[in-house]
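The model shown is predicted, which means the values in this text are computed figures rather than measured ones. Order of the sequence lines sets the chain letters (A, B, ...), proteins ahead of strands, with each chain counted from 1.
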Amino acid sequence: MDWTAAWVTLRLALWTTGILCVLGLPLAYWLATTRFPGRGVIEALVTLPLVLPPTVVGFYLLVATAPERPIGQMLAAIGIDRVAFTFPGIVLGSVLFNLPFAVRPFTAAFQSVERRLVEAAWCLGVSRWRAFTGVVLPLAWPGILTGLVLSFAHSLGEFGVVLMVGGNIPGVTRTLSIAIYDEVQALNYAAADRMALALVGFALGVLTLVYLLERKGLRR
Amino acid sequence: MSAELEVNIVRRYPSGFEVAASWRQPVDPASITVLFGPSGSGKTTLLRCLAGLEQPDAGRILFDGTCWFDAATGRHVPPQRRRIGFLFQDYALFPHRTVAGNIAFGLAHLSRNERRRRVAELLALFELEGLADRYPHELSGGQQQRVALARTLAPHPRLLLLDEPLSALDGPTRDVLRRKLRRWLQALSIPAVIVTHDWLEASTLGEQVLVLDDGRVLQQGPVAEVFSRPASTRVAGIVGVETVVPGEVQAVENGLARVAVGTATLMAVAPSELNGRVHVCIRAEEVTLLPAPPEATSARNRLLAQVVRLEPEGALVRVELDAGFPLVALVTRPSREELQLEPGRTVWALIKAPAVHLVPR
């Protein structure tokens, strides 16, 4: 078992999920409540990584974040000088690639909260923020949790984007799925098997948890 | 500035549908206005504009000297700062909060102790003691309605907006709550605007009524007057006047009009200006049925009528009669038996002259 790779993988999944939570929730709430006519385009963009090959996402990410490009300069301004072959780089790729896995369940969860309940809160003199935290969040919570767990589980197994953007640097960008690929290339099937089994077991556990939570949400 | 609610608004929809209404009502002392009309007539739109949940396209809303909305200046006070209580048609209780949690939701500005006291006060007022820890889905419809009302009143609103407050309830519960709602509204003396399409609800609860149809106000005024003296056959139909038949005024003497209706003649209190052709409107509950001609009665109109059809309507029976013109009466079940009402039987129908309302046609 490649524990260094396991640690990189876990860090990647945690960072990805955390960033998706911070960026994805407002985006999903906006998508669920807006009447903006261009909403369909934004939704298509969010869903795009679901159908694109990870290599395409990785390729465009590399091109767009080159230091001489505007996005590359913006990233440099927040302290990320380089995307290629770095840990922040693979986090960025993973966030983009997992966007639909988080935002789509979030949006569905927000849409399932009846508008009248929010209006009822407003009419009670409660601020928009407290109506959101006191009514929308608790009611949408099972769906939000589903989105978080799905994107966490999915980013654990990330391969294509990570390989394209991060390469294969032990301790930096070498994740479990890349380590498995390496072991198979080296005909070291026993080591590959152990790591693959660990990923399968983990993913199965996480998905079981999601379905249990969804059941609980439905019972309400 | 007098203590008044002054509404004069127009709301337009992209489909071309337009809702317009204008009325005033005293805020202190509290008064109750009923927005009455069939579904789709725009009543709820007006209520949502008052709450600030929707913005009118023209006009303004003034409450007790404060401007809530003015299309001319672009002023729009959000619902949070209007201090209103909005009771939704299906209550919109928070499913994840207990009864106490629902009632306390609008009381975040109070201290813990004050909040607890206010919740206890409302639980007692609405006879909800013992239900504080239940969730909405564990309550009956009548209990949910009372919780919703308690939650609405908890933050001391200055104006109550009730959207079909009793429509989601079954018959017997509705009867009980209609009477209670009236007592509560009187006891709390909060001005209110109530949307309904049930005339019993309107006449029990309201003082002033606006009859709406297709986004327009057809008639407005004191409830008793509008319901007994509809300005047109359309209003008569909406407010549920059962008998509306064409007639011809033959003579007016001493403020009484003699009207030929079908093969019968009726006496009616004559309105000031009246030409020959009229519609005659009679509410079913103004018609008294007797088995034999009465000896002494103040009723001006005594008609021999034949029963055409009987239809049970809850505790009452609707009697369709031929009195020389089609006439509808309402009797209780015991009096139906006492009168031995059956199709084909003849009875005497009594109607007082003020109950015969004439609408020019």
Side-chain angles (χ1 to χ4, degrees), chain A residues 21 25-26 28-30 32-40 105-149 210 212-220, chain B residues 14 44 47-54 68 77-98 101-110 115 118 122 135-138 144 147-163 168 193:
Chain A
C21 188
L25 282 177
Y29 192 62
W30 180 78
T33 53
T34 186
R35 287 181 209 153
F36 174 62
R39 190 199 123 136
F106 290 173
T107 309
F110 286 139
Q111 277 168 341
S112 74
V113 178
E114 284 178 78
R115 179 90 187 138
R116 285 171 313 102
L117 296 180
V118 181
E119 291 180 341
W122 292 349
C123 288
L124 289 169
V126 156
S127 70
R128 279 172 178 261
W129 174 247
R130 213 176 100 67
F132 180 76
T133 56
V135 176
V136 178
L137 268 190
L139 288 174
W141 183 239
I144 292 171
L145 207 57
T146 304
L148 288 178
V149 174
V210 169
L212 285 177
L213 287 170
E214 273 185 352
R215 278 270 183 74
K216 202 177 163 218
L218 281 182
R219 263 212 301 274
R220 265 275 165 74
Chain B
T44 299
L47 207 62
R48 290 175 58 82
C49 286
L50 272 177
L53 295 171
E54 272 182 52
W68 276 357
V77 176
Q80 285 92 338
R81 290 200 282 114
R82 293 193 186 193
R83 281 196 56 197
I84 42 144
F86 196 117
L87 187 75
F88 288 79
Q89 188 174 358
D90 52 0
Y91 317 137
L93 292 174
F94 304 129
H96 60 298
R97 289 177 158 260
T98 60
N102 265 279
I103 298 174
F105 193 73
L107 302 174
H109 55 286
L110 297 182
R115 193 156 60 225
R118 180 77 181 134
L122 286 155
Y135 284 91
H137 70 266
E138 299 171 317
Q144 289 184 10
V147 174
L149 203 55
R151 182 182 71 179
T152 305
L153 290 167
H156 293 290
R158 294 183 302 171
L159 174 68
L160 262 185
L161 305 168
L162 312 180
D163 190 2
V193 179

**Q** Determine the option with the most heavy-atom pairs under 4.5 angstrom with chain A, choosing from Phe86(B), Phe105(B), Tyr91(B).
**A** Phe105(B)

**Q** Determine the option with the most heavy-atom pairs under 4.5 angstrom with chain A, choosing from His109(B), Arg151(B), Arg83(B), Arg97(B).
**A** Arg151(B)

**Q** To the nearest 0.5 Å, what is the distance between CG (Leu93(B)) and CZ (Arg116(A))?
**A** 9.5 Å

**Q** What pairs meet the salt bridge (charged side-chain N to carboxylate O under 4.0 Å, His left out) rule with one or both residues in residues 137-146 of chain A, with sequence neighbours excluded?
**A** none

**Q** Within this structure, what is the CD1-CG distance for the pair Ile103(B) and Leu124(A), rounded to the nearest 0.5 Å?
**A** 11.0 Å

**Q** So which residues of residues 127-135 of chain A are in contact with chain B at a heavy-atom cut-off of under 4.5 Å?
**A** Ser127(A), Arg128(A), Arg130(A), Gly134(A), Val135(A)

**Q** So which part of Arg82(B) gets closer than 4.5 Å to some heavy atom of chain A, the side chain, the backbone, both or neither?
**A** neither

**Q** As an exercise, state the distance from CD of Glu114(A) to CZ of Phe94(B), rounded to the nearest 0.5 Å.
**A** 11.5 Å

**Q** For Ala92(B) and Leu117(A), which heavy atoms make the closest approach, and how far apart are they?
**A** O-CD2, 3.3 Å

**Q** Between Val126(A) and Gln80(B), which heavy-atom pair has the shortest distance, and what is it?
**A** O-CG, 2.9 Å

**Q** Is there side-chain contact between His96(B) and Trp141(A), with at least one heavy-atom pair below 4.5 Å?
**A** no

